[in-house]
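Report on the structure given below.
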Amino acid sequence: MNEETYVVKFLGIPFNITNVISGLAAFAIVFCLVYFLSRNLAMKPTGKQNVLEWIIDFTNGIVSSNIPGEEGKRFNLFAFVLFLFIFVSNQMGLAVQIIVGGTTYLKSPTSDPMVTMSLALMVLLLAHFFGVQRFGVKGYLVNSYLRPVSFMLPIELLEEFTNFLTLSFRLYGNIFAGEVLLTLVGSVAMSHGLITTVVALPLEMVWQGFSVFIGSIQAYVFVTLSMVYISQKVEKE
């Protein structure tokens, strides 16, 4: 993958337009999907309403397993939206990539580390915010960094940094690697003879199916870890 992303500078600050376009496309797909699944709701769900309710129950289960009780219910919508956005973002590059003149205009948003780091930073900032909101500044500091024993403070501070790295780069690494391998297999199929094409195309189909599975798992892992990190701030140690 030697293609470059489309970057423009405004007041000397670079803006990655490829990430903006890809993120907006993922947002539009999520909005249209939820809008379609939520039309004509009924007390006895059937068809597409079952799909929507299954997704809601699935993400609610992630939340309740980490933040039980009434405290966890406030995060149900956040987990639902986060899961759908990451799931769609992970799959986008498998379905379509727009590359013009060596510049990529559309791909999986989560195949860029800046996007995954932004998502991870958002989650961790929310965790700190809700921790302060529930316990107050002093109670939050004691609960998050001085329990169960105060001499664990350096390790707790280091953990904040490692949480950010693991949350962001696990997602980025898996999605980026999948897109790279698909691109390599596709280029082999297109640039060599008939025999190579016959061998490469089934291989690409198998890897694409595996990448769909990996993208789904990574969406689940990201949301689960997000709820774990939030629970560490809003639940008493």
Side-chain angles (χ1 to χ4, degrees), residues 19 23 26-27 30 34 53-91 108-177 213-237:
N19 287 344
F27 163 77
V30 170
V34 175
E53 293 194 5
W54 180 85
I55 299 173
I56 293 174
D57 289 339
F58 177 72
T59 54
N60 286 354
I62 296 175
V63 176
S64 61
S65 63
N66 293 285
I67 314 175
E70 291 297 319
E71 181 66 26
K73 291 182 179 180
R74 64 192 302 196
F75 300 105
N76 285 344
L77 181 59
F78 173 68
F80 172 74
V81 174
L82 184 64
F83 176 81
L84 279 183
F85 179 79
I86 294 177
F87 175 81
V88 170
S89 296
N90 291 351
Q91 314 301 341
S108 290
T110 45
S111 67
D112 190 289
M114 297 305 297
V115 174
T116 58
M117 285 192 292
S118 298
L119 290 171
L121 182 62
M122 174 192 69
V123 169
L124 296 177
L125 288 177
L126 284 175
H128 292 297
F129 170 79
F130 286 114
V132 172
Q133 185 184 63
R134 180 171 187 190
F135 298 111
V137 175
K138 182 179 179 180
Y140 155 76
L141 292 174
V142 172
N143 184 67
S144 297
Y145 302 107
L146 301 179
R147 288 181 179 173
V149 286
S150 59
F151 65 78
M152 295 289 289
L153 176 62
I155 298 177
E156 295 289 348
L157 293 175
L158 178 61
E159 187 179 25
E160 295 292 340
F161 180 68
T162 57
N163 286 347
F164 171 75
L165 292 181
T166 55
L167 191 60
S168 57
F169 284 102
R170 177 189 287 107
L171 178 59
Y172 158 69
N174 281 277
I175 305 307
F176 179 74
F213 172 75
I214 292 297
S216 305
I217 292 297
Q218 288 305 313
Y220 166 75
V221 169
F222 191 97
V223 174
T224 299
L225 289 178
S226 298
M227 293 303 108
V228 169
Y229 296 153
I230 292 175
S231 70
Q232 292 174 347
K233 304 303 180 186
V234 301
E235 295 289 311
K236 286 189 176 182
E237 294 290 337

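Quantities reported herein were computed from a predicted structural model and do not represent experimental measurements. Start at 1 with the first residue, then count along the sequence.
Of all the heavy atoms in Y229 and A127, the pair that sits closest is O-CB, 4.0 Å. Considering all non-hydrogen atoms of both residues, P113 and F169 come closest at CB-CE2, 4.2 Å. Nearest approach of S216 to Q91, heavy atoms of both residues: N-NE2, 3.5 Å. Contact detail for F135 and V234: the closest heavy-atom pair is CZ-O, 3.5 Å. Between N19 and M114 the shortest heavy-atom distance is ND2-CB, 4.4 Å. Summarising the geometry of S226 relative to L82, their closest heavy-atom pair is OG-CD2, 3.9 Å, with the distance given to 0.1 Å.
Under the rule for a side chain to side chain donor-acceptor pair (under 3.5 Å), the partners of E53 that lie at least two apart in sequence or sit in another chain are Q49. Every residue meeting the side chain to side chain donor-acceptor pair (under 3.5 Å) condition with T110, not counting sequence neighbours, appears here in chain and number order: N90. Residues satisfying the side-chain contact (heavy atoms from CB on, under 4.5 Å) test with V221, not counting sequence neighbours, are R170, I217, L225. With sequence neighbours excluded, the residues satisfying side chain to side chain donor-acceptor pair (under 3.5 Å) with E71 are R74. Shown here are the side-chain contact (heavy atoms from CB on, under 4.5 Å) partners of F129, two or more places apart in sequence or in another chain: Q133. Judged as a ring pair (Phe, Tyr, Trp, His ring centres under 6.0 Å), and not counting sequence neighbours, the contacts of F58 are W54, F83, Y220. A search for side-chain contact (heavy atoms from CB on, under 4.5 Å) contacts involving V88 returns A26, I29, V30, M92, not counting sequence neighbours. Residues that satisfy the side chain to side chain donor-acceptor pair (under 3.5 Å) test with Y172, not counting sequence neighbours, are absent from this structure. Take F75 and apply the ring pair (Phe, Tyr, Trp, His ring centres under 6.0 Å) test, not counting sequence neighbours, and it matches F130.
The stretch residues 76-87 participates, sequence neighbours left out, in no salt bridge (charged side-chain N to carboxylate O under 4.0 Å, His left out) pair at all. The stretch residues 155-164 participates, sequence neighbours left out, in these salt bridge (charged side-chain N to carboxylate O under 4.0 Å, His left out) pairs: E160-K233. Among residue pairs with one or both ends in residues 122-131, none qualify as salt bridge (charged side-chain N to carboxylate O under 4.0 Å, His left out); sequence neighbours excluded.
If you take CG on L124 and CZ on F164, they are separated by 7.5 Å, rounding to the nearest 0.5 Å. Atom-to-atom distance recorded for F87:CZ and I55:CD1 is 8.0 Å, nearest 0.5 angstrom. One distance of note links CD1 of I175 with OG of S111; it measures 8.0 Å at 0.5 Å rounding. If you take NE2 on H128 and CD1 on I230, they are separated by 10.5 Å, rounding to the nearest 0.5 Å. To the nearest 0.5 Å, atoms CD (Q232) and CG (N163) are separated by 6.0 Å. The CG atom of L171 sits 6.0 Å away from the CD atom of Q218 when rounded to the nearest 0.5 Å.
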Practice task
Dump the intermediate steps for side chain to side chain contact (heavy atoms under 4.5 Å, CB included) on F80 and V34, then the final yes or no.
Solution key: CA-CA 11 Å; F80 172 74; V34 175; 4.2 Å; yes
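Within the 4.5 Å cutoff, no side-chain heavy atoms of L167 are placed close to those of M117. By the 4.5 Å heavy-atom criterion applied to side chains, L126 and F78 are counted as neighbours.
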